[in-house]
Structures are given as C-alpha cells and as structure tokens.
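For the single chain, residues carry numbers from 1 onward in sequence order. Whatever order the structure lists ligands and atoms in, that order sets their numbers, starting from 1.
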Amino acid sequence: MLSQVADGVWVRQSEWVWSNATVVRGDSGLILVDPGINGSDLNQLADDVDQLGIPVVAGFSTHPHWDHLLWHSRFGDVPRYATAGCAQAASDARERAQAMAADSASGIPLELIGLLTPLPADGGAMPGEIIEHEAHATGHAAVLLADRGVLLAGDMFSDVLIPLLDARRPDQVGAYEAALERLGAAARNVDVLVPGHGAVAEGPEVAARLAADHAYIDALRRGEEPVDARLAQDWLAGPHQSNLEQARHSSG
Ligand SMILES: [Zn+2]
C-alpha cells in the first residue's frame with residue numbers, strides 16, 4: 001500500500017528490513033526511488049503505481065547496495081538513474097548484488113538488478129536536487145524535493161538501523177561527518193524525511209533523526225562504542241562487521 005507523505009510523494013514499506021520504496025511525481029511522470037524488495041513487493045508496488053494512473057518515466061537508485069538496485073519489468077523499460085559513482089559501482093558489483101539478492105529475498109528479477117545510467121547533467125526526468133556524498137556507500141545520493149518539503153535520505157537517518165560505515169574505504173568517519181553536515185543543511189527546510197529503512201520522520205522527528213546519527217558518529221570520532229538502540233544489519237550490504245574497528249582506525 002502506498003501512503004502519501006507529501007504532494008506527489010508516496011512511500012511503500014516492505015517487511016524486509018522496513019525498506020521504503022518511494023514514488024515521486026515529476027513533470028513528465030513518476031520516478032521510482034529504490035523500489036523493493038521481494039517479487040511480491042515489486043508486484044504490489046506495480047499495482048499501486050497502476051492505480052495512480054501516471055506513467056513511470058524513470059527509476060533512481062540512491063546507492064549501489066543490492067537492496068537499492070532492484071527493478072521489475074512491470075515498471076517499464078525506462079532509464080534507471082544514479083550518480084555516476086553509484087552507477088559504476090553497481091556495474092562493477094552486479095554479480096555480487098545478484099547473489100546477495102538471491103540469498104536474501106525471493107522472486108526478485110535478478111537479470112534487472114543494477115542496470116543504472118548516470119544521471120544526465122540536466123537531471124533528466126528527476127525532480128529536485130541530488131545531494132551526493134561518500135558516506136555509507138560510493139556515490140550515495142539523497143534527493144531534496146525542496147518545493148514539497150521532503151528529503152529522500154537513502155540509507156541515512158534510519159530509526160531502525162545504526163549508521164553503517166563502508167569498511168572498504170578509508171576515513172568513513174570523516175565521510176559521514178561531511179555528509180551529515182550537507183544533509184543537515186538540506187534537512188533544515190523539510191518537514192518529511194524518508195529513510196531507506198524504517199519509519200518516515202515528520203516535523204520535529206526530522207531533527208531528532210539527524211541528532212541520533214550525529215551522536216553515533218561523534219562517539220566513533222571519540223573512539224568510543226556508541227550507545228544506540230538501533231540494529232546493526234551486518235548482512236544488509238556486505239562486510240559491515242568490521243564497522244567499528246575500521247572507524248576506530250580511521251579516526252586515529
Ligand atoms: Zn538499504
């Protein structure tokens with residue numbers, strides 16, 4: 001079921017790790033952001049989109065982890081955009097993403113995983129502003145829909161998952177700090193924040209989400225183990241197990 005969170009913005013949550021697929025109405029039609037997860041979810045999303053009666057003109061993947069690289073033929077043969085860094089990383093890791101999808105979920109069209117195109121310079125069909133940063137995954141993008149007061153955050157600011165650092169790259173604490181600064185500036189002007197996983201934040205909850213991620217990263221920076229009730233989903237995106245060790249190393 002789609003729930004409308006703002007004018008022309010709908011969210012459908014899957015049971016699998018509370019994953020949020022977002023449907024955004026642009027000038028020329030609908031854009032599906034991170035549609036997922038199981039085949040049954042994708043089919044229900046297609047039903048919901050059919051009911052809106054507006055054509056799907058594009059997809060968008062916020063980052064190159066398998067659960068954000070999915071598609072279904074019912075959404076149509078349209079460009080699926082990402083940042084250039086994300087599109088390249090998704091292409092490089094496509095077989096691994098297919099294997100992880102097959103292991104983790106059911107009914108996913110594996111042949112459609114990760115077929116991304118770099119967003120054209122004029123933004124193509126994508127509305128809003130793309131905020132690219134290097135936290136969590138290569139080429140991670142948030143989408144700021146300023147006119148509707150919405151930030152689509154990808155895998156940042158979840159209420160169910162702790163910040164997941166990319167242990168394969170250096171100085172992820174620094175990358176996370178830089179991302180929080182940029183996204184914090186963007187989030188000051190929104191009423192609705194849609195994370196990749198978990199509940200949609202509205203009103204004062206938006207600032208609380210930002211504060212929770214800040215507190216977590218600040219603790220890592222101090223070399224402490226963060227006290228945080230959220231879950232660490234090690235299997236979400238691969239080798240996050242050494243998250244904390246890596247963070248300790250990179251924060252010196
Ligand atoms: Zn995710």
Side-chain angles (χ1 to χ4, degrees), residues 11-24 31-39 41-42 45 59-72 80-83 85-87 89-94 96-110 112-116 130-143 151-169 172 175-176 179-180 183 193-201 209 212-213 216-217 228 230-241 243:
V11 175
R12 182 187 186 279
Q13 191 171 78
S14 302
E15 264 181 49
W16 189 90
V17 200
W18 308 276
S19 287
N20 293 319
T22 308
V23 180
V24 178
I31 295 92
L32 305 186
V33 180
D34 293 351
I37 292 292
N38 286 298
D41 293 308
L42 296 169
L45 179 60
F60 188 80
S61 287
T62 57
H63 64 285
H65 290 161
W66 74 264
D67 52 319
H68 301 263
L69 299 177
L70 309 180
W71 198 251
H72 195 284
R80 295 162 55 192
Y81 294 123
T83 65
C86 172
S91 166
D92 293 346
R94 188 155 176 261
R96 184 161 168 273
Q98 288 172 319
M100 292 183 75
D103 281 352
S104 310
S106 65
I108 292 176
L110 298 177
L112 294 177
I113 289 179
L115 303 176
L116 305 181
I130 303 297
I131 302 174
E132 183 175 357
H133 59 79
E134 291 301 319
H136 184 65
T138 300
H140 194 303
V143 183
L151 180 68
L152 310 180
D155 275 4
M156 310 284 285
F157 308 127
S158 171
D159 64 333
V160 293
L161 302 178
I162 57 168
L164 297 172
L165 280 64
D166 186 347
R168 288 161 289 190
R169 288 184 300 148
Q172 272 291 289
Y176 227 100
L180 290 180
L183 294 172
L193 184 152
V194 183
H197 306 272
V200 173
R209 291 289 174 85
D213 276 15
Y216 188 98
I217 298 301
D228 198 305
R230 291 176 288 179
L231 304 172
Q233 294 287 2
D234 291 339
W235 38 270
L236 243 189
H240 286 302
Q241 290 86 345
N243 220 357

Is His65 close enough to the Zn ion (ligand 1) that one of its N, O or S atoms comes in under 2.8 Å?
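Here the distance criterion (N, O or S atom, under 2.8 Å) is not met by His65, so no.
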My understanding is that only residues two or more places apart in sequence, or in another chain, count here; which of them pass salt bridge (Lys or Arg N to Asp or Glu O under 4.0 Å) with Glu132?
none
Can you measure from CD1 (Ile131) to CG (Leu151) and round to the nearest 0.5 angstrom?
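Between Ile131 CD1 and Leu151 CG, I get 6.0 Å after rounding to 0.5 Å.
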Could you tell me the angle subtended at the Zn ion (ligand 1) by NE2 of His68 and OD2 of Asp155, rounded to 10°?
100°
Between NE2 of His197 and OD2 of Asp67, what angle is found at the Zn ion (ligand 1), rounded to 10 degrees?
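So the angle at the metal works out to 90°.
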Which class fits the ring pair His140 and His133: parallel under 30°, tilted 30 to 60°, perpendicular over 60°?
parallel
If we count only N and O atoms by modelled type, under 3.5 Å, do the side chains of Asp155 and His63 hold a donor and an acceptor together?
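Present: a donor and an acceptor within the cut-off.
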